[in-house]
Number of protein chains: 2
Amino acid sequence: MKPIAIGELSRQASVKVPTIRFYEERGLLPRASRTEGNRRTYGAVDVRRLRFIRHARELGFEIEDIRALLDLAEQPERPCGEVDAIARRHLADIDDRIARLTGLRAEIRLMLDQCSQGRIQECRIVEVLADHGECLHEEH
Amino acid sequence: MKPIAIGELSRQASVKVPTIRFYEERGLLPRASRTEGNRRTYGAVDVRRLRFIRHARELGFEIEDIRALLDLAEQPERPCGEVDAIARRHLADIDDRIARLTGLRAEIRLMLDQCSQGRIQECRIVEVLADHGECLHEEH
DNA sequence: CTAATTTCTCTAGCGACTGGAGGAGCAAGC
DNA sequence: GCTTGCTCCTCCAGTCGCTAGAGAAATTAG
């Protein structure tokens, strides 16, 4: 039950000190209580909450989503449909990004394959970049 | 050979007006000549250059890379090894991102599959987020 | 008691734009 | 010639999720 300082919280949750202050400012962490000397103090609850945040961030959830997930996590009796929806949206977002990156990959791969290592004059990479019409890429 | 205004350049290259001014400020486009009334004027060369930039951006190249590519494109006699290197680096970067996103995807997919649509109390999604040890994810 | 470490607040910077305020230029219709 | 409406100008602020620095104060170790 002994309170810990921000540096200790940082170590226990693997989140940098300025990031913790940033999360507090953004409302993901409650405003920490302070010592006489104005230093933030934390407890086990904060460690858990911050680890939750870190993990969700590692999985790519945005701050807003995490805020919602934290709110929901505090209401254990409610059905978890909203939690599910957030995760599902995030999954769709990731799928989207993977698809777009895969498209880019193909196009760059092709450019590289066509480059004959000659002079820039006849370099396919430069040509393709210069002329949008020459490539696979479409999206408007 | 008639000069065009920034709005027309914007339409012809499919790049928004403020973005054109931004590119000028960042040195990707030369400082445009001006009319008596201080408005920027452009020509066909600028349209080509801006399209090159747009296409490279769509492919995910960073501004710095594009600056280098533009410099190289202006020296057609030089070997295209550097162009190749930039594209290769970018490909590696994309591969990296795809790999990481694929990892995230798997983990979120798993969470979703395990969620039994009950109450938040027993929701696997919340559990996994709360306890880092429970998941596939490792990286530090 | 001193020195080293930690913490505090405040501010600015990253990348690549995007959008708004407030004002001036310009073409066309009356 | 004048008004209307569009385009353009500059400058500034905001986005996202941090990260880093300055300069000062509190705490801890030796």
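In what follows, every chain begins at residue 1, and chains take the letters A, B, ... in the order their sequences are listed. Here the structure is a predicted model, which is why all the values come from computation and not from measurement.
- Separating the CD1 atom of A:I20 from the C1' atom of C:dC8 is a distance of 14 Å, rounded to the nearest angstrom.
- Across the protein-nucleic acid pair, B:I4 atom CD1 and D:dT7 atom P stand 15 Å apart, rounded to whole Å.
- C:dG15 atom C1' lies 12 Å from atom CZ of B:R97, rounded to whole Å.
- Two residues are said to be in side-chain contact when any heavy atoms from C-beta on lie closer than 4.5 Å; B:R40 and B:E24 meet this criterion.
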(request) Give the B/S/- string for nucleotides 11-30 of chain D, one per nucleotide from 5' to 3', where a protein heavy atom under 4.0 Å of the base yields B, of only the sugar-phosphate yields S, and otherwise -. (result) ------BBS-----BBS---

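- The CD atom of B:E24 sits 14 Å away from the P atom of D:dC8 (whole-angstrom rounding).
- The minimum heavy-atom distance between B:I66 and B:F61, with the atom names listed, is CD1-O, 3.7 Å.
- The pair B:R49-B:E74 meets the salt-bridge criterion, with a side-chain N (NZ, NE, NH1 or NH2) lying under 4.0 Å from an Asp/Glu carboxylate O.
- Not one side-chain nitrogen or oxygen of A:R40 sits closer than 4.0 Å to the OP1 or OP2 atom of C:dT7.
- B:D65 contributes atom CG, which lies 5.5 Å from atom CD1 of B:I86 (distance to the nearest 0.5 angstrom).
- Per the geometry, CG belonging to A:L9 stands 16 Å off C1' belonging to C:dC8, to the nearest Å.
- Put simply, the side chain of B:C80 does not reach to within 4.5 Å of the side chain of A:R124, judged on heavy atoms.
- At a cut-off of 3.5 Å, with distance as the only test, no side-chain donor of A:T41 or A:T35 sits close to an acceptor on the other residue.
- When rounded to the nearest whole Å, the span between CZ of B:R54 and C1' of C:dA16 equals 16 Å.
- Distance, B:L28 CG to C:dG15 P: 13 Å, rounded to whole Å.
- Atoms CZ (A:R34) and P (C:dT7) sit 12 Å apart, rounded to a whole Å.
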